[in-house]
Amino acid sequence: MKLIDGKMTAAAIKEEIKAEVEQMIEAGMKRPHLAAVLVGHDGGSEAYVKNKVIACEKCGFKSSLIRLEENTTEEELLDCIRQLNEDADVDGFIVQLPLPKHINEQKVINTIDYRKDVDGIHPMNAGRMALGLPSFISATPLGIITLMKRYNIPTSGKKCVVLGRSNIVGKPMAQLMLQKEHGDATVTICHSHSTTLKQECLEADIIIAAIGRPNFVTADMVKDGAIVIDVGTTRVADPTAKNGYRLNGDVKFDEVAPKCEYITPVPGGVGPMTICSLMKNTLSAAKKEIYE
Ligand code: NAP
């Protein structure tokens with residue numbers, strides 16, 4: 001069994017990005033600028049945004065954090081997005097999800113200028129990605145593809161099962177694994193109404209679990225020599241941990257790991273790669289690599 005070290009890989013990629021940014025500055029270009037909008041004070045979202053700001057510093061990017069109160073109206077948030085769309089200094093921005101219930105999430109996403117949508121969630125980017133056209137790719141799936149490439153994990157022609165069909169992880173992940181220039185695999189997607197989930201997993205060369213159910217994937221669902229990518233990050237109470245909780249993956253690591261050729265840990269696997277991909281997308285936006 002080999003452990004896929006997302007933390008180390010992400011750190012190496014951020015160093016590469018930093019070196020590229022230094023070259024850009026020397027060549028007289030402006031510093032890439034990522035903005036983040038955080039509505040309310042959800043603990044998880046606060047932590048994610050903080051990590052994104054730290055990653056910007058590591059990459060030599062400028063970052064801005066726009067904090068709006070929980071009771072911000074939909075129109076106020078849309079106005080904020082329109083301002084970011086117009087701000088020539090901002091190369092890309094994210095709106096941290098989930099949003100408070102009184103705000104229509106899809107309306108917010110649709111208002112983001114797709115040329116600045118470094119999270120790859122605007123229909124323009126999601127659609128172009130599905131067609132295999134240049135686009136900003138959702139950060140988590142992009143991070144997983146990058147991780148597999150860096151570890152030279154062969155995916156072409158393999159049977160890949162994706163657990164979960166969300167718009168930000170499961171669906172784009174399955175699309176990327178399917179596309180010839182990325183995974184080139186035979187792909188099955190399972191969700192909460194799949195009746196053959198266990199059999200599908202047992203036949204899979206690659207399992208990508210993104211359902212948010214701690215310890216869901218057990219050893220009896222995994223064939224010997226499989227590659228297992230664990231996207232799940234559920235906070236579970238742990239009185240021995242500093243914050244009173246720990247992050248738990250979707251995979252029962254202790255019993256599944258011995259059967260795998262490769263496996264990602266939680267934490268330290270997919271999570272750091274997600275933030276790293278957001279940085280990559282921001283760099284692409286600053287360099288206008290995808291859209292003019
Ligand atoms: P989501 O929007 O809640 O989607 C979960 C998906 O899993 C849904 O498609 C759901 O099926 C499916 N599902 C739920 N329970 C299931 C079950 N018992 N059997 C089979 N399928 C089941 O979640 P998400 O945003 O995709 O995130 C998934 C997990 O990844 C979460 O733990 C999240 O915290 C984590 N995550 C991690 C990162 C990272 O950087 N590491 C980034 C994003 C998300 P239905 O469609 O039928 O409801």
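Both counts, for ligands and for their atoms, begin at 1 and track the order of listing. Here the structure is a predicted model, which means the values were calculated and not measured.
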Item to complete: Kindly indicate, with the supporting measurements, whether the criterion side chain to side chain contact (heavy atoms under 4.5 Å, CB included) is fulfilled by Val161 and Leu163.
Response: CA-CA 6 Å; Val161 169; Leu163 301 180; 3.8 Å; yes

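Between the CG atom in Leu77 and the CD atom in Glu105 there is a gap of 10.5 Å [rounded to 0.5 Å]. To the nearest 0.5 Å, the span separating CD1 on Ile17 from OG1 on Thr282 amounts to 8.5 Å. Note that OG of Ser277 is 12.0 Å distant from CG of Leu283, once rounded to the nearest 0.5 Å.
Residue nearest to atom 25 (O) of ligand 1, selected from Leu278, Leu163, Ile168: Ile168 (by heavy-atom distance). With Thr234, Val169, Thr264 as candidates, the residue nearest to atom 44 (C) of ligand 1 on a non-hydrogen basis is Val169. Comparing Asn167, Leu247, Val231 against atom 37 (C) of ligand 1, the shortest heavy-atom distance belongs to Val231.
Within ligand 1, the atoms closer than 4.0 Å to a non-hydrogen atom of Thr140 are 40 (O), 42 (C), 43 (C), numbered from 1 in the order shown. Against a heavy-atom cut-off of under 4.0 Å, Gly212 is close to the following atoms of ligand 1: 28 (C), 29 (C), 31 (C), 32 (O). Which parts of ligand 1 touch Thr274 is read off a 4.0 Å heavy-atom cut-off, strictly below it: atoms 39 (C), 40 (O). Distances below 4.0 Å separate heavy atoms of Gly164 from the following atoms of ligand 1: 6 (C), 7 (O), 9 (O). Distances below 4.0 Å separate heavy atoms of Gly271 from the following atoms of ligand 1: 40 (O), 41 (N).
Side-chain contact annotation: Gln83 with Asp87, donor-acceptor N/O pair under 3.5 Å absent. Side-chain N/O atoms of His41 and Glu46 include a donor and acceptor closer than 3.5 Å. Between the side chains of Ser135 and Asn125, not a single donor N or O lies within less than 3.5 Å of an accepting N or O.
Using a 4.0 Å cutoff on heavy atoms, Ala210 counts as a contact of ligand 1. Ligand 1 lies out of reach of Cys190, whose nearest heavy atom is not under 4.0 Å from it. Ligand 1 is approached by Thr233 to a heavy-atom distance shorter than 4.0 Å.
In terms of polar-atom proximity, Asp250 is not counted as a contact of ligand 1, lacking any N or O under 3.5 Å from an N or O of the ligand. Considering backbone and side-chain N/O atoms, Tyr48 never comes within less than 3.5 Å of an N/O atom of ligand 1. Note: an N/O pair closer than 3.5 Å links Arg165 and ligand 1 by distance alone.
Given atom 15 (N) of ligand 1, the protein heavy atom at minimum distance is Arg213 NE, 3.3 Å. Nearest to atom 1 (P) of ligand 1 among the protein's heavy atoms is Ser166 CB, 4.1 Å. Taking atom 48 (O) of ligand 1 as the reference point, the nearest protein heavy-atom neighbour is Ser192 OG, 3.7 Å. Protein heavy atom closest to atom 12 (C) of ligand 1, with residue, atom name and distance, is Ile211 CG2, 3.7 Å. Of the protein's non-hydrogen atoms, the one nearest atom 18 (N) of ligand 1 is Phe216 CE1, 3.4 Å.
Ion pairing between Asp184 and Lys158 fails under the 4.0 Å rule for side-chain N and carboxylate O. Salt bridge absent: Glu292 and Arg115 never bring a charged side-chain N and a carboxylate O closer than 4.0 Å. Salt-bridge check for Arg82 with Glu75: passed, with a basic side-chain N closer than 4.0 Å to an acidic carboxylate O.
Looking at Lys223 and Lys159, their side chains never come closer than 4.5 Å, going by heavy atoms from C-beta outward. Counting heavy atoms from C-beta on, the side chains of Glu57 and Ser63 never come closer than 4.5 Å.
In this structure, the side chain of Arg165 does not engage the main chain of Lys171 through any donor-acceptor pair within 3.5 Å.
Counting heavy atoms under 4.0 Å from ligand 1, residue Leu197 touches it through the side chain alone.
At a distance under 4.0 Å, no protein heavy atom can be found next to atom 3 (O) of ligand 1.
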